[in-house]
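Below: the structure, in structure tokens.
Chain letters run A, B, ... following the sequence lines, proteins first, then strands; residues in each count from 1.
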2 protein chains.
Amino acid sequence: MTPRSPRPRDRGIPEATVARLPVYLRALQGMAERGTLTVSSEDLASIAGVNSAKLRKDLSHLGSYGTRGVGYDVDYLVYQISRELGLTQDWTVAIAGVGNLGRALANYGGFGTRGFRIAALFDADRRVVGDEVAGLVVRHIDTLEDVVGSEGVSIGVIATPAVSAQGVCDRFVEAGVTSVLNFAPVVLNVPPAVDVRKVDLSIELQILAFHEQRKADGQAPPEAGWIDATEKT
Amino acid sequence: MTPRSPRPRDRGIPEATVARLPVYLRALQGMAERGTLTVSSEDLASIAGVNSAKLRKDLSHLGSYGTRGVGYDVDYLVYQISRELGLTQDWTVAIAGVGNLGRALANYGGFGTRGFRIAALFDADRRVVGDEVAGLVVRHIDTLEDVVGSEGVSIGVIATPAVSAQGVCDRFVEAGVTSVLNFAPVVLNVPPAVDVRKVDLSIELQILAFHEQRKADGQAPPEAGWIDATEKT
DNA sequence: ACGCCCTTGTGAAAGTACGCACAAAGTAGG
DNA sequence: CCTACTTTGTGCGTACTTTCACAAGGGCGT
């Protein structure tokens with residue numbers, strides 16, 4: 001059954017909306033810094049690069065925070081979106097893998113303007129362990145369980161080589177981490193209660209290549225064509 | 001109008017499918033290296049972390065490359081997906097911004113197992129210009145136009161600070177680049193003929209935080225609740 | 001050559017997402 | 001107070017995506 005959940009408001013915000021809220025938030029924070037007090041859906045949408053109707057529908061999922069004829073109060077909207085995204089509390093993050101990517105992440109100042117605290121950096125390479133990166137001492141990966149437990153890490157970032165990723169992920173999960181951000185080019189296996197998001201540099205490039213090829217196809221005369229192996233060897 | 005496009009095959013592959021093809025490709029390349037000859041949609045789907053019906057429908061957009069009762073020939077499928085993604089030709093890439101992230105990208109060996117050639121690295125900081133990174137000498141950003149032209153760069157990667165991103169993007173576009181991969185946390189403005197893809201580290205973390213909060217909400221008793229500013233000041 | 005079994009390819013249904021267009025609601029000016 | 005103007009919030013049609021379920025096709029053993 002469960003005809004109506006007993007919750008006051010239907011908290012079912014669409015995934016697509018959730019993915020755009022951080023974009024709106026960043027745009028709004030920029031406006032707030034510049035002293036803008038209110039903004040219309042039209043203006044904010046144009047800055048965020050989306051359709052204004054979509055923006056309004058997205059925001060309507062959080063509640064009716066706009067004023068008709070005027071627009072949205074910038075500061076208030078920043079607060080509401082932050083709250084919805086869970087940025088009014090601090091999340092503790094640990095990064096595994098201190099190569100160039102791990103360093104880039106560790107130094108990514110402010111990390112989305114507050115909300116995230118990097119508590120630890122891990123690496124398996126003894127030559128790196130002990131180094132100071134972004135104000136933190138790199139720890140050996142074997143201390144992962146201890147540190148995750150004592151620091152209360154809830155988000156694990158994997159910036160290791162592909163072969164180590166699943167192993168590190170398992171250790172994160174075992175230690176109690178329930179969200180993982182994966183930069184390694186592998187599909188991670190996790191229990192259903194754990195969220196994984198993947199960022200894959202080469203996948204993005206390949207998608208661009210696909211569209212790039214399309215453009216070239218359209219402009220070139222249809223003669224050439226691909227050398228198509230009709231035979232399977 | 002335009003009831004049927006005059007093209008031989010309907011080349012309209014859904015965006016959602018294109019985004020998954022690189023994942024399948026990587027899984028298949030791994031199998032090929034391990035000597036696997038054929039694979040069923042069920043098995044490949046499970047490795048790629050998707051539903052098997054979805055996998056089959058995705059592949060069906062490329063053509064009927066499977067054999068009923070048997071599965072797909074791994075090598076053949078690798079070739080077909082590569083071809084569709086445009087990886088049978090080489091794409092020339094330039095990276096702007098040689099901080100930690102730019103270095104990580106430059107050193108990302110093989111870059112999706114061939115298909116992409118990094119032709120140049122640019123930076124505005126004279127202390128970095130002249131350094132050798134990943135076998136390339138870092139050039140000053142002011143040589144961007146010359147190099148993009150002479151090297152035939154078609155994909156530009158932006159790994160600069162946010163403030164410089166739009167400027168660098170404009171220069172890329174002006175120099176003839178038609179695809180941009182943006183790692184800076186800004187929304188880029190480009191002409192319609194240019195493709196932009198965005199990778200944003202902090203957005204991904206914020207999405208994770210949202211879901212993390214959800215989990216916490218469900219488990220905690222409904223008492224606490226947020227301190228909700230009912231008044232708009 | 002036949003029939004069984006396996007796996008693909010796809011029609012159809014269900015679920016999401018998008019964007020137009022407009023009524024509702026608020027401001028501002030007289 | 002009333003009218004004109006602005007901008008939100010949303011109902012609705014359309015398009016895309018996912019998933020189910022099964023008929024069609026092909027290999028393999030006998």
- Query: Do the side-chain N and O atoms of R26(A) and Q29(A) include a donor-acceptor pair separated by under 3.5 angstrom?
  - Reply: no
- Query: When only distance counts, do a donor and an acceptor, one from the side chain of R68(B) and one from the base of dT7(C), lie under 3.5 Å apart?
  - Reply: no
- Message: I'd like to check T36(B) versus L28(B) (side-chain heavy atoms, cut-off strictly below 4.5 Å). Are they in contact?
- Response: no
- Query: Reckon S41(A) has a side-chain N or O less than 4.0 Å from the OP1 or OP2 of dT8(D)?
  - Reply: yes
- Message: Using a strict threshold of under 4.0 Å (side-chain N to carboxylate O), is an ion pair present between E212(A) and K215(A)?
- Response: yes
- Query: Within this structure, what is the CG-to-P distance between D58(B) and dC16(D), rounded to whole angstrom?
  - Reply: 16 Å
- Would one find a side-chain N or O of Y72(B) under 4.0 angstrom from OP1 or OP2 of dG26(D)? no
- Task: Within residues 46-57 of chain B, find the residues that approach DNA chain C with a heavy atom at under 4.0 Å, and present them sorted by residue number.
- Result: R56(B), K57(B)
- Take the protein atom CG of L44(A) and the nucleotide atom P of dG9(D), then report the distance between them rounded to whole Å. 12 Å
- Message: Without decimals, in angstroms, what is the distance between H61(A) NE2 and dG9(D) P?
- Response: 12 Å
- Minimum-distance nucleotide to A16(A) side chain [options: dT27(C), dA17(C), dG9(C)]: dA17(C)
- Query: Taking CG from L59(A) and P from dG9(D), how many angstroms apart are they, rounded to a whole number?
  - Reply: 8 Å
- Message: Can a side-chain donor-acceptor contact be found between D195(A) and S179(A) if the only test is distance below 3.5 angstrom?
- Response: no
- Under the criterion ring pair (Phe, Tyr, Trp, His ring centres under 6.0 Å), which of Y24(A), Y72(A), Y76(A) is the partner of Y65(A)? Y76(A)
- Message: Rounding to an integer number of Å, can you tell me how far D73(B) CG sits from dG27(D) P?
- Response: 13 Å
- Message: Would you say that L87(B) contacts F116(B) through its side chain, given a criterion of any heavy-atom pair below 4.5 Å between the two side chains?
- Response: yes
- Message: If I take atom CG in residue D43(A) and atom C1' in nucleotide dT6(D), what distance separates them, rounded to the nearest angstrom?
- Response: 13 Å
- Query: Nearest nucleotide by nearest heavy atom, which residue falls closer to the 5' end of DNA chain C, E15(A) or E42(B)?
  - Reply: E42(B)
- Calculate the interatomic distance between L77(B) atom CG and dT8(C) atom P; express it in whole Å. 11 Å
- Message: Can a side-chain donor-acceptor contact be found between T92(B) and D90(B) if the only test is distance below 3.5 angstrom?
- Response: no
